[in-house]
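The chain is numbered in sequence order, starting from 1.
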Amino acid sequence: KMISPFMIRFIHIPKNAGHTIKRCINNIPDISYVGHLSTNNVLIPRDIYSESKTIVVLRDPITRFQSGVQYGVQAYNRKPISTNEFINALTDPRHPERTYISKEISNKIHHIGGRLLEFKQTYAPQHHWVNNPTYVILMENLESEFNILLKHLGHQQVSLPKINRRRPVPGGDKLSTKSLEYLCSV
């Protein structure tokens with residue numbers, strides 16, 4: 001659909017409650033969903049794109065990466081592994097899962113703003129989708145902050161559905177010092 005310059009665009013950053021928000025804004029005429037892969041091809045004249053209001057949800061980068069690992073492993077029907085195991089395989093050239101993990105994280109097709117991302121969308125840093133947003137919602141306060149925004153925009157509050165919840169993984173979510181250092185370096 002063609003997006004009006006008066007419409008507020010919700011920019012879906014992967015692993016940041018995008019499907020949950022999308023479901024809630026389907027019936028709100030002045031908020032439009034912009035999928036995480038469509039920011040390159042959105043049907044907005046460039047001058048309007050830079051001037052329109054946007055909403056983004058930001059998430060703690062560590063928990064977002066852990067969610068990306070869990071999603072990536074599930075999507076390819078691999079046995080569940082912890083984020084520590086994933087990072088060990090990624091950083092150890094002799095690890096038996098190194099080839100699989102390297103292919104899983106490497107990107108060859110996802111672009112944002114005409115630029116090829118180094119990592120697949122589920123692992124790429126959130127800053128690639130953030131371009132001076134008008135409204136920022138923190139994932140940790142998703143429902144309350146989203147409802148504050150809806151009220152500010154003159155809409156009724158909603159109860160957010162729980163979609164794509166993370167499930168516990170073997171080995172838990174506590175990251176080793178090595179894993180934290182790796183994530184901070186990328």
Side-chain angles (χ1 to χ4, degrees), residues 10-24 33-39 54-112 115-131 133 135-146 149 159-186:
F10 167 69
I11 308 297
H12 179 174
I13 299 173
K15 308 315 302 165
N16 287 16
H19 293 291
T20 296
I21 300 293
K22 180 181 181 181
R23 186 172 289 176
C24 290
Y33 171 83
V34 179
H36 44 80
L37 291 180
S38 63
T39 51
T54 57
I55 303 167
V56 296
V57 174
L58 295 181
R59 184 176 191 176
D60 173 88
I62 302 296
T63 58
R64 180 175 175 269
F65 186 85
Q66 289 172 311
S67 180
V69 167
Q70 183 182 12
Y71 171 81
V73 168
Q74 286 175 345
Y76 296 100
N77 297 315
R78 300 289 293 214
K79 68 178 176 86
I81 63 171
S82 71
T83 304
N84 284 320
E85 291 175 276
F86 188 92
I87 291 172
N88 284 338
L90 187 62
T91 58
D92 179 358
R94 297 180 312 263
H95 195 285
E97 294 287 322
R98 168 70 184 234
T99 301
Y100 159 70
I101 298 295
S102 293
K103 285 180 183 176
E104 166 54 29
I105 199 168
S106 298
N107 174 47
K108 295 190 180 357
I109 60 169
H110 302 142
H111 290 77
I112 293 185
R115 203 174 118 248
L116 182 68
L117 298 174
E118 178 182 359
F119 302 114
K120 285 183 182 174
Q121 60 186 351
T122 48
Y123 307 104
Q126 299 169 85
H127 69 82
H128 293 295
W129 287 269
V130 178
N131 183 11
Y135 307 103
V136 176
I137 297 170
L138 297 179
M139 178 87 160
E140 292 76 14
N141 308 317
L142 183 64
E143 187 154 352
S144 63
E145 291 187 18
F146 184 65
L149 176 60
S159 180
L160 295 178
K162 306 293 187 229
I163 301 174
N164 295 338
R165 278 197 224 177
R166 287 184 61 218
R167 292 179 206 90
V169 295
D173 285 338
K174 182 152 177 59
L175 295 180
S176 68
T177 301
K178 178 184 173 186
S179 292
L180 285 171
E181 288 173 352
Y182 170 76
L183 290 174
C184 287
S185 74
V186 295

Visitor: According to ring-ring contact (aromatic ring centres under 6.0 Å, His included), who are the partners of F119, at least two apart in sequence or on a separate chain?
Guide: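 F119: no ring-ring contact (aromatic ring centres under 6.0 Å, His included) contacts found.
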Visitor: Check the surroundings of atom NZ in K103: do more than 12 heavy atoms from other residues, nucleotides or ligands lie under 6.0 Å from it?
Guide: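 Atom NZ in K103 is not packed in, count stays at 12 or less.
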Visitor: In Å and rounded to the nearest 0.5 Å, what is the OG to CD1 distance from S67 to I62?
Guide: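 It is 13.0 Å, given to the nearest 0.5 Å.
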Visitor: Atom CG in L90, atom OG1 in T83: separation rounded to 0.5 Å?
Guide: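 If I round to the nearest 0.5 Å, the distance is 11.5 Å.
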Visitor: What pair of heavy atoms forms the shortest contact from L58 to E140, and how long is it?
Guide: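 Closest approach of L58 to E140: O-OE1, 4.3 Å.
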Visitor: Go through the structure and list residues passing side chain to side chain contact (heavy atoms under 4.5 Å, CB included) with P161, not counting sequence neighbours.
Guide: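 Once residues adjacent in sequence are excluded, the partners of P161 under the side chain to side chain contact (heavy atoms under 4.5 Å, CB included) criterion are T20, R23, C24, I163.
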Visitor: Any heavy-atom pair between the side chains of V130 and V136 that's under 4.5 Å?
Guide: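 Of all side-chain heavy-atom pairs linking V130 with V136, none is under 4.5 Å.
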Visitor: Once rounded to the nearest 0.5 Å, what's the spacing between atom CD1 of I101 and atom CG of N88?
Guide: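 I101 CD1 to N88 CG: 10.0 Å, rounded to 0.5 Å.
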Visitor: With side-chain contact (heavy atoms from CB on, under 4.5 Å) as the test, would you mind laying out the steps for V186 and F65 before giving the verdict?
Guide: CA-CA 11 Å; V186 295; F65 186 85; 5.9 Å; no
Visitor: Looking only at atom types and distance, does a side-chain atom of K120 sit under 3.5 Å from a main-chain N or O of H110, one as donor and one as acceptor?
Guide: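 Not confirmed, K120 side chain does not pair with H110 backbone.
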Visitor: Measure the CG-CG distance between L180 and N84 for me, rounded to the nearest 0.5 Å.
Guide: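 These two atoms lie 8.0 Å from each other.
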Visitor: If we ignore hydrogens and angles and just use 3.5 Å, is the side chain of D92 paired with the main-chain N or O of R98 as donor and acceptor?
Guide: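 Answer holds: no.
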Visitor: Hey, is the main chain of L142 close enough, under 3.5 Å, to the side chain of E145 for a donor-acceptor pair?
Guide: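 No, the answer is negative, given that no donor and acceptor are paired below the 3.5 Å cut-off.
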Visitor: Judged by atom type as modelled, is there a donor-acceptor pair below 3.5 Å linking the side chain of H19 to the main-chain atoms of A17?
Guide: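 No, because the side chain of H19 does not come within donor-acceptor range (under 3.5 Å) of the backbone of A17.
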Visitor: Checking the side chain of T91 only, and the main-chain atoms of I87 only, is there a donor and an acceptor separated by less than 3.5 Å?
Guide: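 At least one qualifying donor-acceptor pair exists.
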Visitor: Quick one: CD on Q121 to NE2 on H111, what's the gap to the nearest 0.5 Å?
Guide: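 NE2 of H111 is found 13.0 Å from CD of Q121.
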Visitor: V56 versus W129: any side-chain heavy-atom pair under 4.5 Å?
Guide: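 V56 vs W129: side chains apart.
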Visitor: Is there a donor-acceptor contact under 3.5 Å linking the side chains of S102 and T99?
Guide: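 Judged by distance alone, the side chains do not pair up.
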Visitor: So, the side chain of R59 versus the backbone of K15: is there a donor-acceptor pair under 3.5 Å, distance only?
Guide: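 Confirmed, R59 side chain pairs with K15 backbone.
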Visitor: Should N107 and L116 be marked as a side-chain contact (heavy atoms from CB on, under 4.5 Å) after you check the CA-CA gap, both sets of side-chain angles, and the distance that decides it?
Guide: CA-CA 8 Å; N107 174 47; L116 182 68; 3.5 Å; yes
Visitor: Using a distance-only test with no angle check, is there a side-chain donor-acceptor pair under 3.5 angstrom linking Y123 and E104?
Guide: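 On atom types as modelled, these side chains qualify, holding a pair under 3.5 Å.
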Visitor: Which atom names give the shortest non-hydrogen contact between H95 and E97, and what distance separates them?
Guide: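 Looks like ND1-N, 3.0 Å.
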Visitor: Taking the side chain as every heavy atom from C-beta outward, state whether T54 and N131 have any pair of such atoms under 4.5 Å apart.
Guide: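 Sidechains of N131 and T54: no contact.
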Visitor: Between the main-chain N or O of H128 and the side-chain N or O of R115, is there a donor-acceptor pair closer than 3.5 Å?
Guide: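 The answer is no, because no donor-acceptor pair under 3.5 Å joins these two groups.
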Visitor: For S144 and N141, indicate whether the former's side chain and the latter's backbone hold a donor-acceptor pair under 3.5 Å.
Guide: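 Here the side-chain-to-backbone pair exists.
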Visitor: E118: what forms a side chain to side chain contact (heavy atoms under 4.5 Å, CB included) with it, not counting sequence neighbours?
Guide: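 So E118 forms no side chain to side chain contact (heavy atoms under 4.5 Å, CB included) with any residue.
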Visitor: Does Y33 reach the side chain of H12, with side-chain heavy atoms less than 4.5 Å apart?
Guide: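 Heavy-atom side-chain distance check passes, below 4.5 Å.
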Visitor: Can you name the closest pair of heavy atoms from L183 and L175 and give their distance?
Guide: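 Between these two residues, the closest heavy atoms are CD1-CD1, 3.7 Å.
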Visitor: Could you tell me if the side chain of R64 sits less than 4.5 Å from the side chain of P14, heavy atoms only?
Guide: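 Result yes, sub-4.5 Å side-chain heavy-atom pair found.
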Visitor: Please check this pair: side chain of S185 against backbone of Y182, looking for a donor-acceptor N/O pair closer than 3.5 Å.
Guide: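 Yes, because the side chain of S185 sits within donor-acceptor range (under 3.5 Å) of the backbone of Y182.
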Visitor: Do L149 and I137 come close enough that some side-chain heavy atom pair is under 4.5 Å?
Guide: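 Yes, side chains in contact.
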Visitor: What's the separation between atom CD1 in I105 and atom OG1 in T122, rounded to the nearest 0.5 Å?
Guide: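 Between atom CD1 of I105 and atom OG1 of T122 there are 8.0 Å.
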